[in-house]
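Notes to accompany the following structure.
Below, each value reflects all heavy atoms present in this structure, side chains not excepted, and no hydrogens, waters or symmetry copies.
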Amino acid sequence: MLRRRAAHSARTSMNEPDKIKGKLETRNGKYARIETKRTGATIVAKQDQGNQPNVTVYRSYENRKNVCVAFCFELENKKYFPVVKKQVDSTAPAQFQVEPRNDPDAIDESVQFRWTKAKGDWKFLNSVAEPSQYLSVYKNQFTLTTTPTTYFRFKSNMRRMKRKMSV
């Protein structure tokens, strides 16, 4: 137990994120998955996870209370992240995009979300990038909204964990 805490302290002090594989689920039983089209990649909510590869969550800590997460989706040997892009006009809402990244370990605030307002295992995801907005699902498409509308939870694939992971 002490070794685990010491390792955790060493990782967090170096600001190196933990990597955890699993599935991102919405409260209505749908799972996040990536799809590519001619126009680019999108994240959609589907009832069945199917053969879709797992999501890797990069978990880091802003401080002792705030856990920040970034979601990495893999498809055809590429790694994609949901990205919050600030608009030039500071009063405009942020733009949500899914972008490939060559270096998934280079996590910045544009791909990070905070778990907020827990309701049991289910939580909202709030963007770290300003203006702060909530990750939501509208018509099975992932998007950003100014108010929280979609509860999420992350289910880890780690066998030794018997409960759902509250990332």
Measure the shortest side-chain to side-chain distance between Val69 and Trp115 over non-hydrogen atoms and say whether it is less than 4.5 angstrom.
yes

So Lys123 and Phe154, do their side chains get closer than 4.5 Å, heavy atoms only?
no

Do Cys68 and Arg59 have side-chain heavy atoms sitting under 4.5 Å apart?
no

What are the two closest heavy atoms between Thr26 and Thr150, and how far apart are they?
CG2-CG2, 4.1 Å

Between Gln97 and Glu99, is there a donor-acceptor pair closer than 3.5 Å when you use the side chain of the first and the backbone of the second?
no

Residues in side chain to side chain contact (heavy atoms under 4.5 Å, CB included) with Lys37, at least two apart?
Glu35, Thr39

With a 4.5 Å cut-off on side-chain heavy-atom distances among I, L, V, M, F, W and Y, is there a chain of contacts connecting Val128 to Val57?
no

Are Gln133 and Thr145 close enough that a side-chain donor and a side-chain acceptor fall under 3.5 Å?
no

Stepwise side-chain hydrogen bond (donor to acceptor under 3.5 Å, both in side chains) check, Lys19 with Thr56
CA-CA 6 Å; Lys19 295 178 194 174; Thr56 301; over 6 Å; no

Partners passing ring pair (Phe, Tyr, Trp, His ring centres under 6.0 Å) against Phe152 (at least two apart in sequence or in another chain)
Phe142

If hydrophobic clusters are built by linking Ile, Leu, Val, Met, Phe, Trp and Tyr wherever their side-chain heavy atoms come under 4.5 Å apart, do Val137 and Ile34 end up in the same one?
yes

Do you know the tightest heavy-atom contact between Asp121 and Arg153?
O-CB, 3.5 Å

Heavy atoms, side chains only, cut-off 4.5 Å: are Tyr134 and Ser127 in contact?
no

Quick one: does Phe113's side chain get under 4.5 Å of Val84's, heavy atoms only?
yes

Nearest heavy-atom approach of Ser110 to Arg101 is OG-NH2, 3.2 Å

Kindly write out the residues that satisfy salt bridge (Lys or Arg N to Asp or Glu O under 4.0 Å) with Glu109, not counting sequence neighbours, or none if the list is empty.
none

Donor-acceptor pair, side chain of Thr116 and main chain of Asn126, under 3.5 angstrom
no

Grab the two heavy atoms, one from Tyr151 and one from Phe124, that are nearest each other, plus how far apart they are.
CZ-CZ, 3.5 Å

Start with the C-alpha distance between Tyr58 and Val111, add both sets of side-chain angles, then the distance that settles side-chain contact (heavy atoms from CB on, under 4.5 Å), and finish with yes or no.
CA-CA 10 Å; Tyr58 291 79; Val111 298; over 6 Å; no

Which heavy atom of Gln141 sits nearest to which heavy atom of Val44, and what is that distance?
NE2-CG1, 3.3 Å

Contact summary for Val55 and Ala32, nearest pair of heavy atoms:
CG2-O, 4.4 Å

Within this structure, what is the CD1-SG distance for the pair Ile107 and Cys72, rounded to the nearest 0.5 Å?
7.5 Å

Under the 3.5 angstrom rule, does the side chain of Ser136 hit a backbone N or O of Thr143 as a donor-acceptor pair?
no

Taking Thr36 for the side chain and Gly40 for the main chain, is one N or O donor matched with an acceptor at less than 3.5 Å?
no

With a 4.5 Å cut-off on side-chain heavy atoms, are Lys21 and Glu74 touching?
yes

Could you check whether any side-chain heavy atom of Leu24 comes within less than 4.5 Å of a side-chain heavy atom of Tyr31, counting everything from C-beta outward?
no

For Lys46 and Asn140, which I'm curious about, is there any donor-acceptor pair between the side chains at under 3.5 Å?
no

Connected via hydrophobic side-chain network under 4.5 Å: Trp122 and Ile20:
no

Taking the side chain as C-beta and beyond, is there a heavy-atom pair between Pro82 and Phe73 under 4.5 Å?
yes

